[in-house]
Amino acid sequence: MKIIMLGAPGAGKGTQAKMIAEKYGIPHVSTGDIFRANIKNGTELGMEAKKYMDQGLLVPDELTVKILLDRVAQEDCGKGYVLDGFPRTIPQAEVLEEALNKLGEKIDFAVNVDVPDENIVRRMSGRRACLKCGATYHVEHIPPKKEDVCDTCGSELVLRDDDKPETVSNRLKVYHEQTQPLIDFYTARGILKTVDGTLDMKDVFASITDILG
Ligand code: ADP
Ligand code: AMP
């Protein structure tokens with residue numbers, strides 16, 4: 001099963017993608033996590049991506065597409081995957097579609113996690129991320145057992161640089177301009193499914209599993 005998660009930054013795509021990955025036994029592929037791991041390891045790709053990420057801008061398609069196509073060509077993606085944060089532009093969606101067409105494959109579902117802008121800034125200023133294992137928490141809604149410590153791996157939790165309020169409003173603007181058009185793109189292909197992302201995370205997950213079966 002191949003699934004795409006759509007939604008504004010902070011809508012809960014990553015939170016749901018991890019739960020989907022676990023339930024259906026497929027990898028969770030997040031381009032944002034791949035970029036952050038590269039930044040942490042000081043790679044050339046990481047340094048290039050950081051220039052854009054810190055401003056709330058998208059990393060150019062040329063860089064992003066290659067990384068994603070390499071990742072989904074790996075063996076563990078053979079049975080499917082859940083993409084979180086990709087595609088984010090129409091050209092990215094077109095390249096993915098073309099690459100899958102060549103293999104005689106297709107995306108099964110594009111799940112749109114719908115959360116109004118008003119809720120987003122609050123969500124993101126409360127998000128705490130583990131840069132080591134990729135786990136995310138929320139200081140009010142989904143707190144770690146011990147403040148600022150990852151439940152999964154014990155590393156320190158941080159407020160991501162791009163979750164600071166001044167960057168969040170820019171990311172929302174970029175979302176509306178460049179990513180929201182994907183809703184029409186996948187509606188036209190008959191695979192768009194929208195869920196109410198303002199609900200409790202368990203209820204959002206229940207709506208998603210109703211769709212995925
Ligand atoms: P995205 O991957 O779409 O950027 P995340 O999954 O990281 O978003 O979620 C953003 C923030 O909101 C995180 O702090 C997360 O813990 C929290 N969150 C996720 N889902 C919910 C929910 N249903 N209700 C409240 N908070 C949520
Ligand atoms: P995320 O973790 O999905 O919120 O992504 C964090 C940041 O990484 C984004 O704000 C972008 O700067 C960059 N990024 C992640 N995925 C993509 C993508 N598909 N296209 C372009 N930039 C991306």
Side-chain angles (χ1 to χ4, degrees), residues 1-37 64-89 92-115 123 127-138 141-142 144 150-153 175 179 182-183 185-213:
M1 182 151 55
K2 298 187 184 66
I3 304 161
I4 286 172
M5 303 302 291
L6 292 177
K13 300 181 296 296
T15 303
Q16 297 299 326
K18 287 184 189 105
M19 295 161 83
I20 294 171
E22 193 175 335
K23 180 170 164 78
Y24 295 93
I26 50 177
H28 165 216
V29 175
S30 154
T31 37
D33 282 352
I34 296 174
F35 288 136
R36 280 185 291 278
T64 312
V65 161
K66 183 176 181 319
I67 281 157
L68 189 277
L69 293 182
D70 285 351
R71 177 66 190 91
V72 297
Q74 287 172 19
E75 209 182 324
D76 64 329
C77 288
K79 281 196 296 177
Y81 39 78
V82 50
L83 298 186
D84 161 20
F86 187 99
R88 259 183 160 100
T89 64
Q92 289 180 12
E94 287 171 343
V95 173
L96 175 66
E97 189 172 58
E98 223 170 276
L100 289 175
N101 272 343
K102 280 192 194 142
L103 300 168
E105 296 173 2
K106 61 176 182 48
I107 297 294
D108 300 295
F109 296 102
V111 178
N112 175 32
V113 184
D114 187 31
V115 175
R123 283 241 185 132
R127 171 157 64 182
R128 294 294 177 273
C130 174
L131 296 182
K132 180 142 184 249
C133 76
T136 44
Y137 302 85
H138 189 281
H141 310 299
I142 308 161
C150 180
D151 291 352
T152 313
C153 74
Y175 166 74
T179 308
L182 292 176
I183 292 179
F185 182 95
Y186 288 112
T187 301
R189 279 143 183 85
I191 58 168
L192 188 91
K193 308 283 172 188
T194 296
V195 296
D196 180 355
T198 63
L199 305 176
D200 184 88
M201 62 185 264
K202 288 193 194 67
D203 296 327
V204 180
F205 189 57
S207 334
I208 294 177
T209 53
D210 277 352
I211 293 164
L212 303 182

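Contact between Tyr186 and Ala93 at its shortest, heavy atoms only, is OH-CB, 3.5 Å. Shortest non-hydrogen contact noted between Ile26 and Lys79 is CG2-O, 4.0 Å. Considering all non-hydrogen atoms of both residues, Pro27 and Arg71 come closest at CB-NH2, 3.9 Å. Residues Gly10 and Arg123 approach most closely at O-NH1, 3.3 Å, considering heavy atoms. Considering all non-hydrogen atoms of both residues, Pro87 and Leu6 come closest at O-CD2, 4.2 Å. Residues Asp84 and Gly14 share a closest heavy-atom pair of OD2-CA, 3.2 Å.
Looking only at side-chain heavy atoms (C-beta outward), Thr136 and Arg128 stay at 4.5 Å or farther from each other. For the pair Met5/Gln16, a side-chain contact is recorded, criterion being any heavy-atom separation below 4.5 Å from C-beta on. Ile107 has its side chain within reach of Leu100: a pair of non-hydrogen atoms, C-beta onward, lies under 4.5 Å apart. Looking at Ile20 and His28, their side chains never come closer than 4.5 Å, going by heavy atoms from C-beta outward. Within the 4.5 Å cutoff, no side-chain heavy atoms of Asp114 are placed close to those of Val195. For the pair Phe109 and Ile4, the minimum side-chain heavy-atom distance is 4.5 Å or more. Between Lys106 and Asn101, every side-chain heavy-atom pair lies at or beyond the 4.5 Å cut-off. Side-chain contact between Leu192 and Val111: absent, with no pair of heavy atoms (C-beta onward) separated by less than 4.5 Å.
At least one test fails for Arg88 against the ring of Phe86: distance under 6.0 Å to the centre or angle within 45° of the axis.
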* Taking it one step at a time, do Thr152 and Cys130 satisfy side-chain contact (heavy atoms from CB on, under 4.5 Å)? -> CA-CA 9 Å; Thr152 313; Cys130 174; over 6 Å; no

* Please step through side-chain contact (heavy atoms from CB on, under 4.5 Å) for the pair Phe35 and Thr64, ending with a clear verdict. => CA-CA 9 Å; Phe35 288 136; Thr64 312; 3.7 Å; yes

* To do: Evaluate the side-chain contact (heavy atoms from CB on, under 4.5 Å) criterion for residues Leu96 and Leu68: first the C-alpha distance (whole Å), next the side-chain angles of each, then the deciding distance (0.1 Å), finally the verdict.
  => CA-CA 9 Å; Leu96 175 66; Leu68 189 277; 4.1 Å; yes

* To do: Mind running side-chain contact (heavy atoms from CB on, under 4.5 Å) on Leu83 and Val72 for me, showing each step along the way?
  => CA-CA 9 Å; Leu83 298 186; Val72 297; 4.0 Å; yes

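In this structure, CZ in Arg36 is found 7.5 Å from CG in Leu131, a value given to the nearest 0.5 Å. For the atom pair CD1 (Ile191) and CZ (Arg189), the distance works out to 8.0 Å, reported to the nearest 0.5 Å. Rounded to the nearest 0.5 angstrom, Asp70 CG and Cys77 SG are separated by 11.0 Å.
Heavy-atom contacts from other residues, nucleotides or ligands closer than 6.0 Å to NZ of Lys18 number more than 12.
Put simply, the side chain of Lys13 gets close to the backbone of Ala8: a donor and an acceptor are under 3.5 Å apart. Distance alone, capped at 3.5 Å, is enough to place a donor-acceptor pair between the Thr31 side chain and the Gly85 backbone. With hydrogens and angles disregarded, a donor-acceptor distance shorter than 3.5 Å links the side chain of Tyr137 to the backbone of Asp151.
Considering only residues two or more places apart in sequence or on other chains, Glu105 meets the side-chain hydrogen bond (donor to acceptor under 3.5 Å, both in side chains) condition with Lys2.
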